[in-house]
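Worksheet: one structure, shown below.
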Amino acid sequence: MDISELSAKLAQFGQEHLIQFWSELNEDEQKRLFNDLKGIDFGLLAKGFRRAMDNSSNAVKLDHLLQPVPVHLQGSVERCSNEQLTAYEHEGLKQISAGKVGVLLLAGGQGTRLGVSYPKGMYNVGLPSGKTLYQLQAERIRKIEELSEARFGQRGTVPWYIMTSEHTMEPTRKFFAKHGFFGLNERNVVFFEQSVIPCVDVDGKVILEDKFKIATAPDGNGGLYRALGQNGMIDDMDRRGIDMIHVYCVDNILVKMADPVFVGFCLEKNANCGAKVVKKAFPEEPVGVICQVNGVYQVVEYSEISSETANRRNSDGELTFNAGNICNHFFSKEFLKTLILEHEQELIYHIAKKKIPFIDANGVRQNPATPNGIKMEKFVFDVFQFSTAPWAKGNFAVWEVLREEEFSPLKNADGAPKDTPTTSRGDLLNLHKQFALRAGAKLCNSEATNGASNGHAAAGCGQLKAVVEISPLVSYFGEGLTELLGGKELNPASIERDPTTGQPKITPLP
């Protein structure tokens with residue numbers, strides 16, 4: 001270890017305080033600190049900090065700059081004809097059958113806000129089946145592969161790329177292994193780790209968490225692009241022949257994995273970037289909206305626009321800025337490849353002021369009562385700005401879906417007003433109930449779902465709220481249920497695929 005060379009490097013960027021306790025460290029601690037510091041590009045860090053601070057200080061209300069996404073680049077499940085939806089689905093299934101589609105999970109961190117210490121994808125919201133978020137998503141991948149094979153006679157593989165944090169990588173790997181990768185081929189489940197970035201104070205000085213350890217934090221879900229490059233994921237996609245990627249967040253219990261309708265829509269629009277959105281629940285709902293700012297596509301946070309703009313309506317009565325972002329995106333692989341190789345460093349960090357424990361000048365650990373430092377992060381949607389660049393070779397497109405069918409995030413523990421295990425469970429069970437009703441089932445002698453419910457039971461048979469859980473292995477989006485359920489009186493039940501016969505099996509619930 002050349003400590004004199006390291007000291008000179010740190011002094012060059014005003015970070016020499018990071019080795020102020022060097023003489024007090026044992027050999028292992030010195031090695032750890034030395035290796036951590038050696039791996040940091042302090043010049044790049046300083047540049048990123050300055051740009052982030054400048055961007056933050058120049059933040060203004062964006063009302064006069066906003067324009068909605070042009071109509072010709074929008075689509076909607078609600079306004080689309082059945083014929084067009086079928087055409088989109090057909091094209092998406094065709095691409096899946098040909099092995100051209102992958103899915104990428106932003107797995108996030110621990111489920112701290114849910115009151116657990118393990119990764120959020122391992123959470124069980126209390127479904128009758130006891131399935132976790134990971135299992136539901138894995139089974140949806142298996143089913144969409146089967147549907148594409150049934151349509152085109154060729155079984156395409158949908159590889160599942162899972163980006164974890166440094167703290168969730170090992171427990172996530174072990175969980176998948178313990179459960180046999182939920183029936184997926186292990187080689188088609190690819191884990192990779194997002195990067196971390198040093199935490200700094202308001203002057204850009206890196207914070208010491210301990211005498212031998214710098215404070216770090218994940219670089220946000222927009223760290224995806226750097227992580228894809230560093231971990232060779234684009235090369236993996238090339239080897240597999242993947243042309244497009246569906247990116248989503250772990251906490252949406254209703255997410256449609258490799259949604260063929262979304263894929264078909266994006267291809268029809270020649271999209272290099274696509275975003276699923278939902279209508280805002282109310283004008284000032286605290287959700288980002290997708291729009292244009294000075295002709296560039298981006299997500300504008302609710303805090304960046306005035307109440308007047310949030311309430312603006314079109315001649316048809318719809319909100320002008322109504323495209324609520326749900327972190328559910330389509331990217332062409334070529335767009336990602338060029339972005340990562342040539343433009344990733346153009347992305348500007350966002351800053352979050354946080355309370356960060358630190359070692360003071362006397363070597364004493366302090367736990368601040370007020371924010372004392374800055375965590376820098378990038379967001380996955382920051383790349384939308386590049387979709388119209390000449391090198392991007394394509395368009396940006398927005399696909400509006402029904403909230404009750406595709407978006408129910410799990411963010412808070414029960415007791416919170418929304419986005420809890422109870423609401424997530426209720427929304428999924430309600431969707432499954434709708435599947436059963438559309439297939440012609442009559443739901444009888446039912447109990448309340450303990451969650452959201454907007455459906456109706458068949459006339460003269462049972463209460464409004466019925467518990468029906470349908471395995472993704474039985475039906476991906478409600479298809480194939482008419483023969484099984486049509487005309488039948490159905491008590492609260494779980495419908496699973498029998499592991500022995502491969503056929504659907506209806507099991508009454510107590």
Side-chain angles (χ1 to χ4, degrees), residues 102-127 130-142 144 158-179 181-182 184 188-195 218-225 227-228 231 233 245-259 262 275-276 278 287-288 325-331 377-381 401 403 406-413 416 418-421 423-425 427-428 431 472:
V103 291
L104 196 155
L105 166 61
L106 305 173
Q110 312 283 14
T112 308
R113 288 167 62 183
L114 295 171
V116 298
S117 60
Y118 50 79
K120 190 182 288 187
M122 294 163 54
Y123 195 84
N124 169 8
V125 301
L127 292 169
K131 291 178 182 177
T132 62
L133 296 177
Y134 281 146
Q135 182 170 354
L136 292 169
Q137 293 166 20
E139 291 184 356
R140 287 173 188 150
I141 292 176
R142 290 171 61 187
I144 203 64
V158 177
W160 194 6
Y161 298 93
I162 300 177
M163 186 176 79
T164 72
S165 71
E166 64 173 334
H167 300 297
T168 59
M169 171 64 85
E170 193 58 26
T172 301
R173 282 183 181 276
K174 289 181 177 178
F175 187 75
F176 271 77
K178 177 181 177 182
H179 293 279
F181 290 81
F182 305 104
L184 294 168
N188 297 325
V189 181
V190 185
F191 301 98
F192 66 104
E193 190 176 309
Q194 75 180 108
S195 300
D219 56 359
N221 60 24
L224 165 67
Y225 309 107
L228 284 173
N231 292 282
M233 294 297 103
I245 293 289
H246 174 213
V247 177
Y248 70 99
C249 281
V250 70
D251 58 8
N252 180 10
I253 199 170
L254 301 182
V255 64
K256 291 180 178 178
M257 313 288 290
D259 177 12
F262 185 38
K276 277 191 181 184
V278 296
V287 61
N325 177 49
I326 60 173
C327 196
N328 195 315
H329 309 309
F330 168 99
F331 296 108
E377 58 184 351
K378 296 176 181 178
F379 299 145
V380 66
F381 51 72
V401 297
R403 186 184 293 245
E406 297 205 35
F407 185 55
S408 180
L410 175 63
K411 296 187 178 298
N412 306 307
K418 65 176 184 176
D419 302 340
T420 66
T423 60
S424 292
R425 178 179 67 249
D427 287 340
L428 182 61
L431 178 62

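This is a predicted model, so every value here is computed, not measured. The first residue in the sequence is number 1, and the count goes up from there. Values reported hereafter were calculated over all heavy atoms of this structure, with side chains retained and with hydrogens, waters and symmetry mates removed.
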Problem - Nearest-0.5 Å distance, CZ of residue Arg142 to CE of residue Met257 - result: 13.0 Å
Handout entry: Any donor-acceptor N/O pair, Asp219 side chain to Gln194 backbone, under 3.5 Å
Key = no
Problem - Given Asn252, Val255, Val103, Ile253, the one that forms side chain to side chain contact (heavy atoms under 4.5 Å, CB included) with Gln137 - result: Val255
Completion exercise
Residues Ala227 and Met163: closest non-hydrogen pair is CB-SD, 4.1 Å
Practice task
Report the distance from atom NZ of Lys418 to atom OG of Ser408, rounding to the nearest 0.5 Å.
Solution key: 11.0 Å
Exercise for the section: Would you check if the side chain of Arg403 reaches a backbone N or O of Val278 as a donor-acceptor pair within less than 3.5 Å? Expected result: no
Practice task
Could you check Lys256, Lys276, His246 and say which one makes a side chain to side chain donor-acceptor pair (under 3.5 Å) with Asn328?
Solution key: His246
Practice task
Answer yes or no: is there a donor N or O on one side and an acceptor on the other, between the side chain of Asn221 and the main chain of Val380, under 3.5 Å?
Solution key: yes
Problem - Spacing of CZ belonging to Phe262 relative to CZ belonging to Phe330, to within rounding of 0.5 Å - result: 7.5 Å
Problem - Aromatic contact, Tyr134 with Phe182 (centres under 6.0 Å) - result: no
Exercise for the section: Tell me, with the steps shown, if Lys131 and Glu139 meet side chain to side chain contact (heavy atoms under 4.5 Å, CB included). Expected result: CA-CA 10 Å; Lys131 291 178 182 177; Glu139 291 184 356; 2.7 Å; yes
Practice task
Spell out, as yes or no, whether a donor-acceptor pair under 3.5 Å connects the side chain of Asp427 to the backbone of Phe407.
Solution key: no
Fill in the blank from the handout: Tightest non-hydrogen contact, residues Ser117 and Gln110, listed as O-OE1, 2.8 Å
Exercise for the section: Evaluate the side-chain proximity of Thr164 to Pro119: yes if any heavy-atom separation is below 4.5 Å, no if none is. Expected result: no
Problem - Met122 CE to Leu114 CG distance, which is reported to the nearest 0.5 Å - result: 12.5 Å
Practice task
For the pair Lys120 (side chain) and Arg113 (backbone), establish whether a donor and an acceptor sit closer than 3.5 Å, ignoring hydrogens and angles.
Solution key: no
Exercise for the section: Before giving the answer on ring-ring contact (aromatic ring centres under 6.0 Å, His included), spell out for Tyr118 and Phe175 the whole-Å C-alpha distance, their side-chain angles and the decisive distance to 0.1 Å. Expected result: CA-CA 10 Å; Tyr118 50 79; Phe175 187 75; 8.2 Å; no
Handout entry: His179 and Thr132: CA distance, side-chain angles, deciding distance, side chain to side chain contact (heavy atoms under 4.5 Å, CB included) verdict
Key = CA-CA 11 Å; His179 293 279; Thr132 62; over 6 Å; no
Fill in the blank from the handout: Residues Ser424 and Pro409: closest non-hydrogen pair is OG-O, 3.5 Å
Practice task
For Ala107 and Ile162, work out which heavy atoms get closest and say how close.
Solution key: CB-CG2, 4.0 Å
Exercise for the section: Determine, stepwise, if the pair Phe381 / Val247 fulfils side chain to side chain contact (heavy atoms under 4.5 Å, CB included). Expected result: CA-CA 11 Å; Phe381 51 72; Val247 177; over 6 Å; no
Problem - Main-chain N/O of Thr168 paired to Thr172 side chain as donor or acceptor, under 3.5 Å - result: yes
Practice task
Kindly give the heavy-atom pair with the smallest separation between Arg425 and Gly126, and that separation in Å.
Solution key: CD-O, 3.1 Å
Handout entry: ring-ring contact (aromatic ring centres under 6.0 Å, His included) assessment of Trp160 paired with Phe181
Key = CA-CA 11 Å; Trp160 194 6; Phe181 290 81; 9.5 Å; no
Handout entry: Value rounded to 0.5 Å, distance of CG in Asn188 from CD1 in Ile141
Key = 9.5 Å
Practice task
Kindly determine whether Phe192 and Leu228 satisfy side chain to side chain contact (heavy atoms under 4.5 Å, CB included), including the steps that lead there.
Solution key: CA-CA 8 Å; Phe192 66 104; Leu228 284 173; 3.8 Å; yes
Practice task
Might you point out which heavy atoms bring Pro421 and Asn412 nearest each other, and give the distance in Å?
Solution key: CD-O, 3.1 Å
Practice task
Say whether, by atom type as modelled, one donor and one acceptor occur between the side chain of Asp419 and the main chain of Leu410 under 3.5 angstrom.
Solution key: no
Handout entry: Straight-line distance of Leu104 CG to Ile245 CD1, nearest 0.5 Å
Key = 6.0 Å
